[in-house]
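Since the structure comes first, as structure tokens, the remarks are kept for the end.
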Amino acid sequence: MKKILSLVLALIFVCLALVGCKKENEVPQDTSVVSDTVSTDSEFAYDPVLDTLNFEGMEINFLVSDFEDAERKEFFGEESSDSVVSAIYRRNNSIEQKFNVKLLFTETFGADILQDVRNLYNTNDATVDIIGAYEYYGMGLAAEGMFSNLHEIEYLNPQSPWWNQSWNDTCEYSGALFAVAGDINTSIITKTQVTFVNNNLLKDSYPTDTPDLYAVVRDNKWTIEYIKELSKNVYIDNGLEANPRDLLDRYGLVVGSISQPSQALLAACGYQWSVMGADNKRILTLDTERNLDIFERIRSLFDETKEGIFVAKDLPGVYYYATIFAKNNSIFSMAPMFTAERLAATDIDYSILPIPKYDEAQENYYSSTQDSHTFCAVFTMSDAKSAVGAVLEYMGYLSKKDVVPGYFETFYKAKYASNPETMQMFDSIVESIHFDFIVNWSRAINDILKKVRAIGYDPLKEPVSEIASFQDSCQKYLDSTYDLIEAIYGQ
């Protein structure tokens, strides 16, 4: 039956073939551990039953995605001067000693994790317990029956504060929860899109009325129109090249003609991908009046005819944002959070704000992360599910307690971290990270995310006609995905 199902699924889920490599990584033994004392603060309290467990040397095997753009490993580490890497290392040692288990990690590159998991499943191979997959490639595996229902995993509590509840909502259907993501998955933070502000250029451009942008955010006024207004009158032609507009000039905003800022702005503006139908299945709503207005506002930020805005085309990758911002020639830039690490060697005085929202009437700011972050799933074939549940739950707890706090220290140099407002802004951005069912399952829905976000930054794609060209077909893929999930996990 599994082979027949796999053949059918192969027609629906087309795997991108990328050359990959694997390497075994065993957590080194060390006597240093992080504290395993249950916090008196209920926010960080884990179930005390975890303190009673002993799994007698059992091996817990992780299969995790490895990517060239990762600043550091997020599932395992080593003793290091990097505070985050060291915290991950000590976390894993503590888990091994607490439960008497051995954590083993195998990395597989990019899309290779798809075929690796399928091969294990089709050969009834139980040598993998936990899958730490890249969201874009991995979520479709749930509709192939390869992820366990996490509601049935002993000791794992998906409602714990170290699991992102917005993510949980997008990964649950037909009584089954397919994956969790949270403080273990540090790529959620590193790849969250934010607005970088060059504080010195802001003061130079507005010397007598420099806005307090932290106050602007708090007062609910940090909108697309606000950033456009601040950007439009600050253009300075440095006259160093024959081309009157290049990256040697000064701008209010430099934005990449690339998918990440467009996707972040869609999320920040509350783009509504779907509504829930009467049968508890989503119906796509890509071209509502408000959604079309969101496109109009977003596209105005990618309009290279606006004097204070520079649209950087043909970027070699997301890391190039740091290179652009480090040129010290724009007040604002929208880029992944990890850009801050790459600015550490510069003398730029910068702040980090959320991506601007739709308008002041929108109640909340919404932050989003690239679809290259990871999640955690339990492999269907695992024969160590109770131990796996305990390991994941305690790993989440220690990640929230000890790993995530290290990111603030990493992303900000000491002189910025001493500012309480900066710490509050960092926390509020992380807490506002939001997920959507359609985005998370995009690859199974005929790559709907890639199609929609391209409309935001590509001036040649007219929103109404472009959406009309693919919305119906994507709805069919969505319906088919629901049918597969119900067939496998339905109650």
Donor-acceptor under 3.5 Å ([X] side chain, [Y] main chain):
X: Thr374; Y: Ala133; result: no
X: Thr285; Y: Gln272; result: yes
X: Ser442; Y: Leu449; result: yes
X: Asn446; Y: Gln471; result: no
X: Tyr155; Y: Asp47; result: no
X: Thr123; Y: Asn119; result: yes
X: Lys461; Y: Val452; result: no
X: Ser333; Y: Phe196; result: no
X: Asp458; Y: Ala454; result: no
X: Ser160; Y: Asn157; result: yes

Kindly determine whether Ser399 and Ile184 satisfy side-chain contact (heavy atoms from CB on, under 4.5 Å), including the steps that lead there.
CA-CA 5 Å; Ser399 296; Ile184 293 174; 3.7 Å; yes
For the residue pair [X] and [Y], establish whether any side-chain heavy-atom pair is separated by less than 4.5 Å.
X: Pro336; Y: Thr192; value: no
X: Arg90; Y: Glu79; value: yes
X: Thr195; Y: Ile352; value: no
X: Phe302; Y: Ser262; value: yes
X: Ile95; Y: Tyr397; value: no
X: Leu114; Y: Arg443; value: yes
X: Ile153; Y: Leu150; value: yes
X: Phe295; Y: Ile467; value: yes

Parallel, tilted or perpendicular: which fits the ring planes of Tyr350 and Phe325, with parallel below 30° and perpendicular above 60°?
perpendicular
Between [Y] and [X], is the closest basic N to carboxylate O distance under 4.0 Å?
X: Glu154; Y: Lys385; result: no
X: Asp51; Y: Lys98; result: yes
X: Lys73; Y: Glu107; result: yes

Before you tell me yes or no, could you show the steps for Gln165 and Asp169 under side-chain hydrogen bond (donor to acceptor under 3.5 Å, both in side chains), namely the whole-Å CA-CA distance, both residues' side-chain angles and the distance that decides it to 0.1 Å?
CA-CA 6 Å; Gln165 299 308 309; Asp169 291 343; over 6 Å; no
With a distance cut-off below 6.0 Å to the six-membered ring centre and an angular limit of 45° from the axis, does Arg282 pair with Phe437 as a cation-pi contact?
yes
Measure the spacing between [atom1] of [X] and [atom2] of [Y] and express it to the nearest 0.5 Å.
X: Leu103; Y: Asn93; atom1: CG; atom2: CG; result: 8.5 Å
X: Phe62; Y: Cys376; atom1: CZ; atom2: SG; result: 7.0 Å
X: Asn198; Y: Leu343; atom1: CG; atom2: CG; result: 9.5 Å
X: Cys269; Y: Ile294; atom1: SG; atom2: CD1; result: 5.5 Å
X: Asp183; Y: Glu74; atom1: CG; atom2: CD; result: 11.5 Å
X: Asn364; Y: Glu431; atom1: CG; atom2: CD; result: 12.0 Å

Closest non-hydrogen atom pair between [X] and [Y], with its separation:
X: Ile488; Y: Ala143; answer: CD1-O, 3.2 Å
X: Gly145; Y: Thr380; answer: O-OG1, 2.9 Å
X: Ile429; Y: Pro354; answer: CD1-N, 3.7 Å
X: Ala384; Y: Ile60; answer: CB-CD1, 4.3 Å
X: Gln193; Y: Ile355; answer: O-CG1, 3.5 Å
X: Leu177; Y: Asn149; answer: N-OD1, 3.1 Å

Compute the ring centroids of [X] and [Y], then answer whether they are less than 6.0 Å apart.
X: His434; Y: Trp167; value: no
X: His373; Y: Tyr136; value: no
X: Tyr394; Y: Tyr46; value: yes

Mind checking what makes side chain to side chain donor-acceptor pair (under 3.5 Å) contact with Gln263, not counting sequence neighbours?
Arg453
Do the side-chain N and O atoms of [X] and [Y] include a donor-acceptor pair separated by under 3.5 angstrom?
X: Glu393; Y: Trp163; answer: yes
X: Asn168; Y: Glu172; answer: no
X: Lys191; Y: Ser372; answer: yes

Let's go through Ser469 and Lys451 carefully: what are the C-alpha distance in whole Å and the side-chain angles of both, what is the deciding distance for side-chain contact (heavy atoms from CB on, under 4.5 Å) to 0.1 Å, and is it a yes or a no?
CA-CA 10 Å; Ser469 71; Lys451 292 176 169 62; over 6 Å; no
Check each of Asn61, Thr127, Asp129 against Ser382 using the side chain to side chain donor-acceptor pair (under 3.5 Å) test, and report the only one that passes.
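So the option named by the test is Asp129.
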Test log, rule side-chain contact (heavy atoms from CB on, under 4.5 Å), inputs Leu284 and Ile448:
CA-CA 10 Å; Leu284 297 178; Ile448 189 172; 3.8 Å; yes
Assess the residue pair Phe147 and Ile131 against the criterion (side-chain contact (heavy atoms from CB on, under 4.5 Å)); give the C-alpha distance rounded to whole Å, side-chain angles, the decisive distance to 0.1 Å, and a yes or no.
CA-CA 9 Å; Phe147 295 165; Ile131 298 169; 3.7 Å; yes
Can you sort out the partners of Tyr173 under side chain to side chain contact (heavy atoms under 4.5 Å, CB included), two or more places apart, ordered by chain and number?
Phe178, Asn280, Lys281, Tyr482, Ile485, Glu486
